[in-house]
Amino acid sequence: MRRMRQSVEATGDSDAIAVERTLAGDRDAFRALVERHSRNVFRLAYRMTGNQHDAEEVVQEAFLRAYQKLGQFAARANFGTWVYRIAANYAIDRMRQRKSEDAQREPAGRPSDDGIERDVASLVPDGAPSPERLAQSEQLAVHMRRALNELTPAERTAFVMRHWGGSGIEEIAEALKSSTSAAKNTVFRSVQKLRRSLEPFVERRGQAKAMGTEL
C-alpha cells in the first residue's frame, strides 16, 4: 500500500513538472502527459460511448481542451483526474448527440461484439476459463451491453465513473454538473436499472445450474 501511495505521489509530482514545462513552451512535456494518461482516458471513453470511433474522438478532444485550458489548471490539482473529468464531460455531450442522431434514423446493424462487451466479460472471475465459461461470459457481455444502452447518458456516466473508474461522488457531480446528492441518486438509479435488466439473465443461469443444464 505504501509503494502504491508513493507511486501515485510520484506520478502527481511528475505531472506537475510536465504541466509547468508545457506552460513554459515545451510541447514534448505535454506529449508525455498524453502518453501517461491516454490509456485510462480511452478506457473511460470506450465504456461510456460503447464504440472505438467515439472513444478516440473523446480522447483527442479531451487532451486538446486540456492543452487549451492548461493555464486554468490548479497547480495542486491532479492532472489525471482533471483530464478524466474533461473527457467525461465531452463523452456525455457525444452520447447525447449520438442518441439524437440515432432517433432520426433507422437502427443500424448488430453492434460489434468486441470492445466494451469483452471488457465487461473480463469482469467474470475465473482462474482458468473453459470454453463453456467463456460462452457464459459472452452471454453476460451481450446482456450487459443492452442494459447499459438503456441507461441515460448521465446514468451511464455515473455508473462507469463510480464502478469502473473508481471516481468519487464529487468528481461525478462535477462531470454531471449536478449536486453531490443528485450524483448519488444517479449512481444508485443506474445500479438499480442494471440489476433489473440483468435479473432475468441471472435467474436463467441460476435455474440452469440447479437443473444441471448450465453450460
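We're numbering straight along the sequence, starting at 1.
Two residues are said to be in side-chain contact when any heavy atoms from C-beta on lie closer than 4.5 Å; Asp26 and Glu20 fail this criterion. Proximity of Val160 to Tyr46: side-chain heavy atoms (C-beta onward) are nowhere separated by under 4.5 Å. Counting only heavy atoms from C-beta outward, the side chains of Ile172 and Thr157 never approach each other to under 4.5 Å. Looking at heavy atoms from C-beta onward, Thr152 lies out of side-chain contact with Met95 at the 4.5 angstrom threshold.
Minimum heavy-atom separation, Ile92 to Ala175: CD1-O, 3.6 Å. Counting all heavy atoms, side chain and backbone alike, Thr186 lies closest to Ala158 at CG2-CB, 3.7 Å. Summarising the geometry of Ala183 relative to Ser178, their closest heavy-atom pair is N-OG, 3.9 Å, with the distance given to 0.1 Å. In terms of heavy-atom proximity, Ala91 sits nearest to Met48 at CB-CE, 3.4 Å. Listed here is the closest heavy atom pair of Ala87 and Leu44: CB-CD2, 4.1 Å. Taking both residues in full, the closest heavy atoms of Lys69 and Trp82 are given as O-CH2, 3.6 Å, listed atom of the first, atom of the second, then distance.
Salt-bridge annotation for Glu61 and Arg65: present, with a side-chain N of the basic residue lying under 4.0 Å from a carboxylate O of the acidic one.
For Gln52, the side chain to side chain donor-acceptor pair (under 3.5 Å) partners at least two apart in sequence or on another chain are Glu56. With sequence neighbours left out, Glu174 forms a side chain to side chain donor-acceptor pair (under 3.5 Å) with Arg85. Qualifying side chain to side chain donor-acceptor pair (under 3.5 Å) partners for Tyr90, counting only residues two or more places apart in sequence or in other chains: Glu57.
Thr81 and Glu171 share no side-chain donor-acceptor pair at under 3.5 Å. There is a side-chain donor-acceptor pair under 3.5 Å between Ser14 and Arg36. Judged purely by distance below 3.5 Å, without hydrogens or angles, the side chains of Arg146 and Asn149 never pair a donor atom with an acceptor atom.
Distance check: Arg162 CZ to Ile169 CD1 gives 4.5 Å after rounding to the nearest 0.5 Å. Within the model, atoms CG of Leu33 and CZ of Arg31 stand 11.0 Å from one another, a figure rounded to the nearest 0.5 Å. Separation of atoms CZ (Arg94) and CG (Asn89) is listed at 15.5 Å; rounding is to 0.5 Å. Atoms CD1 and OG1, on Ile17 and Thr22 in that order, are 11.5 Å from each other to the nearest 0.5 Å.
Within a 6.0 Å sphere centred on NZ of Lys184, other residues, nucleotides and ligands contribute 12 heavy atoms or fewer.
Using cut-offs of 30° and 60° for the angle between ring planes, the Phe159 and Trp164 rings count as perpendicular.
Taken together through direct or relayed side-chain contacts under 4.5 Å among Ile, Leu, Val, Met, Phe, Trp and Tyr, Leu23 and Tyr67 form part of one hydrophobic cluster. Residues Val58 and Phe30 do not share a hydrophobic cluster, clusters being chains of Ile/Leu/Val/Met/Phe/Trp/Tyr side chains in contact below 4.5 Å.
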